[in-house]
Amino acid sequence: MKIKKIHSFLVYPGKGEDEQHPLQGLEVTERKNKLFYMLRDIFENAQKDCRIEIAFNSTNQQNDFRDDLIGYIKNYRVDNGEKIAARLQSQTTKRSGLGLMFIIYGESGKKKKVVISRFPVEQGIYVEEGDSSLTVEFLDRIFMKSTLRYKAALFSGNSTVNGFWDGLVVDRQTNSKLSEASDYWIKEFLDSDFKTTSAAGTARLANALREAVSSANEVATKSALIGVTELVNSLDGQTTSIEKVCKRFAVPEEGMKLIRSQIKNHQILGERFKFSRAEFAKHRMYRAVETDRGVIIMAENSIFDDDVKMTPIEDSNEVEITTEGFVVDYKLRKGR
Amino acid sequence: MVKLESEYRSLRSRLLVDVASNLEHHIKNILKDVPRIDRITARAKAVDRFIAKANKMDDDQKKYDDPINEIQDLIGARIITYYLSDVDLVAAELENHIRFIENHNLVPDSTSKFGYEGQHYIMFIPSDVLPTDYELNDNDPKLFELQIKTLHQHAWGEASHDIAYKSNVKLNADQQRRVAYAAAQAWGADRIFEELSKELLHESS
């Protein structure tokens, strides 16, 4: 796809400020230097780098960021780019600091594509080696792509009327505890949220785990997957994906295969969502009964009533609990 | 127009029919514990209806420059509930599960008029309903229209649709009034059943 325009803006922290720092915008016109090649790589590889699906917030088919984005797509002038930069500046805190923003726009037939990237400012040391000398210089304004704080967003579509309601972002901070920093890019600047809702993502995970447990033939695999259904509750409120859950709790390869086989579209495995303990509990897979003596009988919800018999004992409040089957495993766990 | 029809036929058979069927199943799964739902349906827009909509005029100009990319209800889903408060229950559950760009409670534009009513959404097609390992590209629709209505709203809507909107004859004042009267009756029936459901069903549960 041919790049039609690149604009660059130095964006200062401006959140909560009465007066905003004047924005300096620049069109990157030179097409045969390292900067252009780097930006071209960012543009061409955006689909690989930006893996988090987002959707703009809207209840009436209106979203302020999208309006600015569409304005830029229709007329990719520096003043339209400045609106996007101004928006970023108004949401940038001192903690996020100074940043260098690029807007890269391309077209191919009907298809339009915009990549917005933000390079955070860093400090570094520049070294130049001569034949017999070494020059070392401290640089306090370097903008780097490799840091945790680098952010990018990709939007593409055929129609500015009906398209461009969703996009993809790279935000290395969504996984960290710095959710406030991540909220700045996705929620505040882009006025968006994960495309997969908390309930939808959690339900998918629950259903995939349940079906994988049911289809597991090996006891070790079954046991590992059942373990995940309990451990996963520790992720309440955290951003994750099905892939990340499996990696975090070391699901064995056989278990991973079973989970993958439950999901028709493998892209879903990587879709980000906020895990909800309450939602997960709605898809409870196991029922357990515990006696006053500390005996616990647990079974899959779907077979509990058939396989666990509970008979009241006459003239008593006690209950006789019976079940039949072959013993395949013993477990030793720490008490509560 | 022949090219557009051929393009839409291809999109419809390649993708939309399967997605609509999967979407219906997906919504039924989301709402499996929500009571008092009469039916859940989803469909890919029929070719003749697409062409009719693509040809729609707006002040002597074509409404859509690029119908395939601009028409938002190539896939439509409909949920019919028993009572008015069930519409809210269904809406809340679906909003929890599917992102949307529009949420619109359609009512007549004046409090003294009676006509079409329903809760309409434009929502994102969930990845769960796409064909195996399919990634939507920019030529595919990403949105679908969802309507949530009561039995009475739906009955009036269906019965009046061909009469009020598809008939080649413009309704005279009396005919318009009778269509509005029928809408008022549906509105009234909804109110009465809602009151009764609150008095009888919610009390007993």
Under a 4.0 Å threshold between the charged nitrogen and the carboxylate oxygen, would B:K149 count as salt-bridged to B:D86?
no
Check for me whether the distance between the ring centres of A:F65 and A:F155 falls short of 6.0 Å.
yes
Heavy-atom pairs under 4.5 Å with chain B: which of A:E279, A:E53, A:Q62, A:K195 has the most?
A:K195
Strictly below 4.0 Å, N to O, side chains only: are B:K198 and B:E194 in salt-bridge contact?
yes
Per-residue contact mode, B:F100 against chain A (heavy atom under 4.5 angstrom):
both
Hey, are B:D109 and B:K113 close enough for a salt bridge, meaning a charged N less than 4.0 Å from a carboxylate O?
yes
Chain A contact via B:D33 - which portion, at a heavy-atom distance below 4.5 Å
neither
Please classify the contact between B:I30 and chain A as side chain, backbone, both or neither, with a heavy-atom cut-off of under 4.5 Å.
neither
For the CD atom on B:Q61, are there more than 12 heavy atoms of other groups (residues, nucleotides or ligands in this structure) within a distance under 6.0 Å?
no
When heavy-atom pairs shorter than 4.5 Å are enumerated against chain A, which of B:N69, B:I98, B:D133, B:T132 gives the highest number?
B:D133
Side chain / backbone / both / neither for B:N22 at chain A, heavy atoms under 4.5 Å
side chain
Identify which part of A:N57 has an atom lying under 4.5 Å from any heavy atom of chain B, answering side chain, backbone, both or neither.
both
Residue from A:I268, A:T202, A:N158, A:D193 scoring the most non-hydrogen pairs under 4.5 Å with chain B is A:N158
Given heavy-atom pairs under 4.5 angstrom as the criterion, report whether the side chain, backbone, both or neither of B:D66 touches chain A.
side chain
Examine A:H7 together with A:Y72 and report whether their ring centres are nearer than 6.0 Å.
yes
Quick test of your reading of the model: are B:E70 and B:K63 salt-bridged, counting only N-O distances below 4.0 Å?
no
Considering only heavy atoms, which portion of B:L130 lies under 4.5 Å from any heavy atom of chain A: side chain, backbone, both, or neither?
both
What orientation do B:Y8 and B:F50 show, parallel under 30°, tilted 30 to 60°, or perpendicular over 60°?
parallel
Just so I understand: if I count every heavy-atom pair under 4.5 Å between each of B:Q72, B:E135, B:H104 and chain A, which residue has the most?
B:Q72
Gap separating the NZ atom of A:K247 from the CD atom of A:E243, nearest 0.5 angstrom
9.0 Å
Please flag which part of B:P141 lies under 4.5 Å from any non-hydrogen atom of chain A: side chain, backbone, both or neither.
neither
Let me know if B:D128 has heavy atoms under 4.5 Å from chain A in its side chain, its backbone, both or neither.
both
